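Please read these numbers as outputs of a predicted model, since none were measured by experiment.
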Amino acid sequence: MAEPAPPRAENCTNQYDDNVLHPPDPALVLDWPDALAQLSAAGAYWFATVHPAGRPHGRPVFAVWVDGKLCTTTSPAARKGRNLALNGQCACTAATDGIDFVVEGTAAEI
């Protein structure tokens, strides 16, 4: 079962101090199914975790989207794996034709 879509405006307002929907016309906000389709086709992703020192740790990864979730691999001995074992907060970025994505969340082992 696919995860529910995030709130439409959440992805567009968090980065702005005025907390106003950007773009201002809600009809221009990309619907989650359309965003997910573009994300799934991206092919190249950058994955960021939190280093124990508190700084970000980013790496390019191979990944696939399954049931609305980004799936990638890591070794428990790798920096990414050790970071996630301590703190599941992470972000994934992808550039696609016409739009760049940043998806933030919490990783879980599957």
Legend entry - Sub-4.5 Å side-chain heavy-atom contact between L84 and K80: yes
Legend entry - Note, C90 side chain near T106 side chain (heavy atom, < 4.5 Å): no
Legend entry - Side-chain hydrophobic cluster, 4.5 Å single linkage: members besides V64: V66
Legend entry - side-chain hydrogen bond (donor to acceptor under 3.5 Å, both in side chains) partners of R59, counting only residues at least two apart: H57
Inset, instruction - Verify, without hydrogens or angle tests, whether T72 (side chain) and A63 (backbone) share a donor-acceptor contact under 3.5 angstrom. - result: no
Inset, instruction - Could you tell me which non-hydrogen atom of R82 sits nearest to which non-hydrogen atom of P76, and how far apart they are? - result: CG-O, 3.2 Å
Legend entry - Counterpart residues, side-chain contact (heavy atoms from CB on, under 4.5 Å), relative to S75 (two or more places apart): A77, A78
Inset, instruction - Not counting sequence neighbours, list each pair that qualifies as a side-chain hydrogen bond (donor to acceptor under 3.5 Å, both in side chains) and has a residue in residues 90-102. - result: Q38-T96
Using a 3.5 Å cut-off and no angle test, enumerate the donor-acceptor pairs between side-chain atoms of residues 42-52 and protein atoms at least two apart in sequence or in another chain.
{"from": "Y45", "atom 1": "OH", "to": "L39", "atom 2": "O", "distance (Å)": "2.4"}
{"from": "Y45", "atom 1": "OH", "to": "W65", "atom 2": "NE1", "distance (Å)": "3.1"}
{"from": "T49", "atom 1": "OG1", "to": "N83", "atom 2": "ND2", "distance (Å)": "2.8"}
{"from": "H51", "atom 1": "ND1", "to": "A53", "atom 2": "N", "distance (Å)": "3.0"}
{"from": "H51", "atom 1": "NE2", "to": "R55", "atom 2": "NH2", "distance (Å)": "3.3"}
{"from": "H51", "atom 1": "NE2", "to": "R79", "atom 2": "NH1", "distance (Å)": "3.1"}

